[in-house]
Amino acid sequence: VQLQASGGGLAQPGGSLRLSCAVSGFTMDYYVIGWFRQFPGKEREWVSGISSKDGSTLYAGSVKGRFSISRDNAKNLVYLQMNGLKPEDTAVYYCAGYESFDRNIVVFRFSVQYDYWGRGTQVTVSS
């Protein structure tokens, strides 16, 4: 499995960025892609996740209403649209994934539950 995040950069407060995660190599029936972020000196924080089974999504409270996760199955991409960016959103963002044959697969919120990780992409929100 390979995951590759891209799309980070510099944005002004209130601005927008869209992150992309290129996904390949899953072999089981279902998988989940999650976005995490890591602040300097802190543990990775779960941001959002989406299930391949039915496209169901979940968001952390800190980003709900501002961030939106989506997928393009034809392009094997998962997006994280980030609107209303705040300086406190500044972090390295990672996409991660896990897979299962269980049709009851759910979106997990903890990094230890994810088996595959892409390289991070830096997001900086500053005026």
Side-chain angles (χ1 to χ4, degrees):
V1 173
Q2 291 191 327
L3 304 173
Q4 186 168 352
S6 61
L10 176 64
Q12 292 190 339
S16 299
L17 283 174
R18 188 178 76 166
L19 305 182
S20 299
C21 179
V23 177
S24 64
F26 285 114
T27 59
M28 297 185 187
D29 293 345
Y30 310 108
Y31 62 88
V32 164
I33 298 296
W35 285 97
F36 288 77
R37 62 188 181 184
Q38 190 166 22
F39 307 108
K42 301 287 188 179
E43 295 288 325
R44 288 181 188 179
E45 171 185 281
W46 175 81
V47 174
S48 182
I50 187 167
S51 168
S52 71
K53 176 177 176 288
D54 55 9
S56 58
T57 60
L58 281 177
Y59 298 92
S62 57
V63 306
K64 197 170 186 179
R66 299 188 298 123
F67 291 11
S68 176
I69 191 170
S70 63
R71 58 182 182 167
D72 184 331
N73 290 336
K75 296 182 179 179
N76 293 322
L77 290 171
V78 172
Y79 301 107
L80 185 68
Q81 178 67 44
M82 304 186 295
N83 299 327
L85 283 165
K86 304 175 181 180
E88 52 263 42
D89 294 317
T90 295
V92 178
Y93 284 72
Y94 298 87
C95 60
Y98 58 90
E99 58 184 338
S100 174
F101 288 117
D102 186 353
R103 63 183 299 174
N104 296 313
I105 190 169
V106 296
V107 175
F108 292 139
R109 301 171 182 246
F110 299 100
S111 60
V112 294
Q113 295 168 310
Y114 287 74
D115 298 314
Y116 309 106
W117 290 84
R119 290 185 179 180
T121 184
Q122 176 70 46
V123 170
T124 302
V125 184
S126 175
S127 55

Any donor and acceptor pair, going by atom type alone, linking the side chain of Arg71 with main-chain N or O of Ser52 inside 3.5 Å?
yes

Distance-only, no hydrogens or angles: does the Glu99 side chain make a donor-acceptor pair with backbone N or O of Phe26 under 3.5 Å?
no

Same cluster or not: are [X] and [Y] linked, directly or through other Ile, Leu, Val, Met, Phe, Trp or Tyr residues, by side-chain heavy atoms under 4.5 angstrom apart?
| X | Y | result |
| --- | --- | --- |
| Trp35 | Trp117 | no |
| Leu58 | Val106 | yes |
| Val78 | Tyr98 | no |
| Val1 | Leu77 | no |

Pair Asp29, Arg103 - check side-chain contact (heavy atoms from CB on, under 4.5 Å), show working.
CA-CA 8 Å; Asp29 293 345; Arg103 63 183 299 174; over 6 Å; no

Could you walk me through whether Leu3 and Cys21 pass the side-chain contact (heavy atoms from CB on, under 4.5 Å) check?
CA-CA 6 Å; Leu3 304 173; Cys21 179; 4.1 Å; yes

How long is the span from the [atom1] atom in [X] to the [atom2] atom in [Y], to the nearest 0.5 Å?
| X | Y | atom1 | atom2 | answer |
| --- | --- | --- | --- | --- |
| Tyr114 | Tyr94 | OH | OH | 15.5 Å |
| Ser100 | Asp115 | OG | CG | 10.0 Å |
| Arg18 | Ser6 | CZ | OG | 9.0 Å |
| Ser62 | Glu45 | OG | CD | 5.0 Å |
| Thr57 | Phe67 | OG1 | CZ | 14.5 Å |
| Ser127 | Leu10 | OG | CG | 9.5 Å |

State, to 0.1 Å, how close [X] and [Y] come at their nearest heavy-atom pair, and which atoms those are.
| X | Y | value |
| --- | --- | --- |
| Phe101 | Thr27 | CE2-O, 4.5 Å |
| Phe36 | Arg109 | CE2-O, 4.0 Å |
| Asn83 | Ser16 | OD1-OG, 2.8 Å |
| Val47 | Tyr93 | CG2-CE2, 4.4 Å |
| Ala91 | Gln38 | CB-O, 3.4 Å |
| Leu85 | Arg66 | CA-NH1, 3.9 Å |

Validation row: [X], [Y] side chains within 4.5 angstrom (heavy atoms):
| X | Y | answer |
| --- | --- | --- |
| Ser24 | Asn76 | no |
| Val63 | Arg37 | yes |
| Ser51 | Ile105 | yes |

Qualifying residue, where the test is side chain to side chain contact (heavy atoms under 4.5 Å, CB included) with Ile50 and the options are Val107, Val32, Leu80, Ile69
Ile69

Tell me if the centroids of the rings in Tyr116 and Tyr31 come within less than 6.0 Å of each other.
no

Taking the six-membered ring where the residue is Trp, are the ring centres of Phe108 and Trp46 under 6.0 Å apart?
no

For [X], I'd like to know if atom [atom1] has over 12 heavy atoms of other residues, nucleotides or ligands within 6.0 Å.
| X | atom1 | value |
| --- | --- | --- |
| Gln113 | CD | yes |
| Glu88 | CD | yes |
| Gln4 | CD | no |

Walk me through whether Met82 and Val123 qualify under side-chain contact (heavy atoms from CB on, under 4.5 Å).
CA-CA 10 Å; Met82 304 186 295; Val123 170; 3.8 Å; yes

